[in-house]
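Only this structure's heavy atoms are used, side chains among them; waters, hydrogens and symmetry mates stay out.
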Amino acid sequence: MSAPKVVVRHDRDAYAATLAVLAALQLPDLTGKKILLKPNLGRLAENDRGIITRTVVIAAVIDFLQDQGYRDISLGDSPILGLRSEDIFNKAGVTELAKEKGITLLDFDQAPPAVLEIPAGTAIKKIKVFNALSEYDYLIDIPVMKMHMHTQVSLSLKNLKGLIWRAEKIRLHQLPADAGALCGAKPLDVAIADLSRVFHPDLSIVDATIAQEGLGPAAGSPREVNLVIGGTDYLAVDYVAAQLMGVDPAKVHHLRLARTICGCDTVPTVDPENYLAWQVDLDAPPATLDFTFPGIDLEAPQACSACMSTLLLFLKAYLPRVKLEQLSDKTLKIKVGKGVNPGGERELFLGNCTYSASKNGIFVKGCPPVSSHIFEILSENDMIEGEFTQKNL
Ligand code: SF4
């Protein structure tokens, strides 16, 4: 098998960099084909924060396609729970862009889902997805480069999670602990790798013009990187993108597993050859997190940063709404990670590791759990006020 080709361009002008990458790739003739663009538009965010794909990059992809005479172009995403695509598209300027370019905008969650079987899946055997996915001939994945507190990085493969229907995404966080036992990775990594068995983007264009470092995917910091990375082998693109963010691709579990699944472990050929001169070592999510909040008694002897970062962001957003006055000493006891002690009735046990200790307490499953589910469980136990309102967690 010949090595896949990946193109990298460095330019402060994001539009020019995107066009330069597309021009350097030998793309097939797409005349008469239905083209679907899948940027990262899963969160309500400003354009230049490294949280969503920048509109300028999307615009360059559309202009390139339309310059070739391709007219049947659609763009869509399915956001994280609690958000509406319409609001995200409006805030990002994508609604206006679609009108200007004459392309179709899709909310992937609008219609009931299709179910895809994943017979050889390790962690997941079937998945509910955007129902019209199979009607498209050419899928263009346009992620934004991010560090990620749960999956190390978020690039082309991780961005495909947006093809999963609504709350079905959360199922990937709630798999049994042994779902990845054979692979030495977390169940979530294995499930994301399983997606590579059924989702096959034809082209990936990574927006690394403004990336996100630190506590990604939404609570980190933007970092100007000024790169666009593209290729027709999306796993090869992710391999090169990981290198350029200072991460060893072999240590990104979901990417390593997906490359094993497809049998494509060849090192890509990169244009230009000296692309690593543009490497920017992005700050990783913190390996350990230590924090205190008034009214919270935390026991976390061996907790991963994935659970701790979820908890940190949850408490920042929702602690004022937790009904502490109902609890003894007006304190909520929270236990996270392996080795926690069994506890009493109104204690919160967070994550699959705590299951066996949680017999008398309140258990939130997940590895790691997601904020909306923590909120839901507290709500069921009358321990929090109001409705869940997504705050980019
Ligand atoms: S601490 Fe959380 S993320 Fe780590 S293994 Fe346990 S449940 Fe999973």
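No donor-acceptor pair closer than 3.5 Å links the side chain of Asp189 to the backbone N or O of Arg256. Remark: side-chain polar atoms of Asp109 are not paired, donor with acceptor, to backbone N or O of Ser78 under 3.5 angstrom. Proximity of a side-chain donor or acceptor of Asn352 to a complementary backbone N or O of Lys365 within less than 3.5 Å is not detected. Checked by atom type and distance alone, the side chain of Glu213 never pairs as donor or acceptor with a backbone atom of Lys146 at under 3.5 Å. Looking only at distances, a side-chain donor or acceptor of Thr95 sits under 3.5 Å from a matching main-chain atom of Asn90. Thr331 contributes a side-chain N or O that, together with a main-chain N or O of Asp329, makes up a donor-acceptor pair within less than 3.5 Å. Proximity of a side-chain donor or acceptor of Arg197 to a complementary backbone N or O of Ile118 within less than 3.5 Å is not detected. Here the side chain of Lys169 pairs no donor or acceptor atom with the backbone of Gly162 at under 3.5 angstrom. At distances below 3.5 Å, not a single donor-acceptor pair connects side-chain atoms of Asp11 with backbone N or O atoms of Ala16.
Asn40 contributes atom CG, which lies 11.0 Å from atom NZ of Lys161 (distance to the nearest 0.5 angstrom). Taken from CG in Asn159 to CG in Leu195, the straight-line distance is 11.5 Å, to the nearest 0.5 Å. Rounding to the nearest 0.5 Å places CG of Leu289 at 6.5 Å from CG of Leu215. How far CG of Leu83 is from NZ of Lys91: 10.5 Å, rounded to the nearest 0.5 Å. In this structure, Ser156 OG and Leu255 CG are separated by 9.0 Å, a value rounded to the nearest 0.5 Å. Note that CZ of Phe199 is 10.5 Å distant from CG of Asp141, once rounded to the nearest 0.5 Å.
Residues Leu44 and Ile52 have side chains not in contact (no heavy-atom distance under 4.5 Å, counting atoms from C-beta outward). Between Leu106 and Leu36 the shortest side-chain heavy-atom distance falls below 4.5 Å. Side-chain contact between Leu235 and Cys264 is present, with heavy atoms from C-beta onward closer than 4.5 Å. Residues Ile334 and Leu332 have side chains in contact (heavy-atom distance under 4.5 Å, counting atoms from C-beta outward). Side-chain contact between Val237 and Leu155 is absent, with no heavy-atom pair separated by less than 4.5 Å. Proximity of Asp13 to Val56: side-chain heavy atoms (C-beta onward) are nowhere separated by under 4.5 Å. Considering only heavy atoms from C-beta on, Gln212 stays 4.5 Å or farther from Val144 through its side chain. Contact of the Ile35 side chain with the Asp137 side chain is not registered, since no non-hydrogen atoms from C-beta on lie closer than 4.5 Å.
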Go through the steps for Leu227 and Val8 under the test side chain to side chain contact (heavy atoms under 4.5 Å, CB included), then give the verdict. CA-CA 7 Å; Leu227 291 175; Val8 185; 3.9 Å; yes

Would Ile164 and Lys128 count as a side chain to side chain contact (heavy atoms under 4.5 Å, CB included) here? Give the steps. CA-CA 6 Å; Ile164 300 175; Lys128 291 179 190 166; 5.7 Å; no

Step-by-step side chain to side chain donor-acceptor pair (under 3.5 Å) determination, Thr209 to Asn226: CA-CA 4 Å; Thr209 57; Asn226 296 318; over 6 Å; no

Going through the distances and angles, do Glu168 and Arg171 end up as a salt bridge (Lys or Arg N to Asp or Glu O under 4.0 Å)? CA-CA 5 Å; Glu168 175 85 341; Arg171 193 161 68 82; 3.0 Å; yes

Do Leu37 and Val61 pass the side chain to side chain contact (heavy atoms under 4.5 Å, CB included) test, and can you show the C-alpha distance, the side-chain angles, and the key distance before you say yes or no? CA-CA 9 Å; Leu37 310 185; Val61 174; 4.2 Å; yes

Start with the C-alpha distance between Leu348 and Lys333, add both sets of side-chain angles, then the distance that settles side chain to side chain contact (heavy atoms under 4.5 Å, CB included), and finish with yes or no. CA-CA 6 Å; Leu348 187 66; Lys333 288 192 176 168; over 6 Å; no

For Thr53 and Asp207, run side chain to side chain donor-acceptor pair (under 3.5 Å): C-alpha distance rounded to whole Å, both residues' side-chain angles, the deciding distance at 0.1 Å, then the answer. CA-CA 6 Å; Thr53 307; Asp207 171 9; 5.2 Å; no

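Considering only residues two or more places apart in sequence or on other chains, Arg84 meets the side-chain hydrogen bond (donor to acceptor under 3.5 Å, both in side chains) condition with Asp87. Not counting sequence neighbours, Lys158 has no partner by the salt bridge (Lys or Arg N to Asp or Glu O under 4.0 Å) test. In this structure, Ala23 has no side chain to side chain contact (heavy atoms under 4.5 Å, CB included) partners at least two apart in sequence or on a different chain. When the side-chain hydrogen bond (donor to acceptor under 3.5 Å, both in side chains) test is applied to Thr31, the partners found at least two apart in sequence or on another chain are Asp29. Every residue two or more places apart in sequence or in another chain that forms a side chain to side chain contact (heavy atoms under 4.5 Å, CB included) with Ala236 is listed here: Pro4, Val6, Asp233, Pro268. For Asp202, the side-chain hydrogen bond (donor to acceptor under 3.5 Å, both in side chains) test picks out no residue, with sequence neighbours left out. Taking the salt bridge (Lys or Arg N to Asp or Glu O under 4.0 Å) definition, one finds that Glu100 meets it with nothing, sequence neighbours left out.
Residues Glu224 and Arg12 are paired through a salt bridge, judged by an N-O separation under 4.0 Å between the basic side chain and the carboxylate. A salt bridge does not link Glu46 with Arg49: every distance from a Lys NZ or Arg NE/NH1/NH2 to an Asp or Glu carboxylate oxygen is 4.0 Å or more. Ion pairing of Lys38 with Asp77 is present here, as a side-chain N (NZ or NE/NH1/NH2) and a carboxylate O approach within less than 4.0 Å.
When hydrophobic side chains of Ile, Leu, Val, Met, Phe, Trp and Tyr are connected at separations under 4.5 Å, Tyr355 ends up clustered with Val340, Phe349, Phe363.
Around atom NZ of Lys5, more than 12 heavy atoms belonging to other residues, nucleotides or ligands sit under 6.0 Å away. For CD of Glu345, the number of neighbouring non-hydrogen atoms (other residues, nucleotides, ligands) closer than 6.0 Å is 12 at most. Residue-environment remark: NZ (Lys125) exceeds the threshold of 12 foreign heavy atoms within 6.0 Å. Other residues, nucleotides and ligands contribute only 12 or fewer heavy atoms inside 6.0 Å of the CD atom of Glu96.
Applying the ring pair (Phe, Tyr, Trp, His ring centres under 6.0 Å) test to residues at least two apart or on different chains, the pairs with a partner in residues 129-155 are Phe108-Phe130, His148-His150, His150-His173. Applying the ring pair (Phe, Tyr, Trp, His ring centres under 6.0 Å) test to every pair with at least one member in residues 266-286, sequence neighbours left out, gives these pairs: His10-Trp278.
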Donor-acceptor pairs under 3.5 Å, side chain of residues 376-387 to any protein atom, not counting sequence neighbours: which ones?
unit_1, atom_1, unit_2, atom_2, d
Asn381, ND2, Ile377, O, 2.8
Asp382, OD1, Lys323, NZ, 2.6

Please tabulate, for the side chains in residues 293-301, all donor-acceptor contacts under 3.5 angstrom to protein atoms that are two or more places apart in sequence or on a different chain.
unit_1, atom_1, unit_2, atom_2, d
Glu299, OE1, Lys335, NZ, 3.4
Glu299, OE2, Asn341, N, 2.8
Glu299, OE2, Asn341, ND2, 3.4

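Connection of Leu188 to Val247 is established within a shared hydrophobic cluster, with ILVMFWY side chains joined at heavy-atom distances below 4.5 Å, either directly or through further cluster members.
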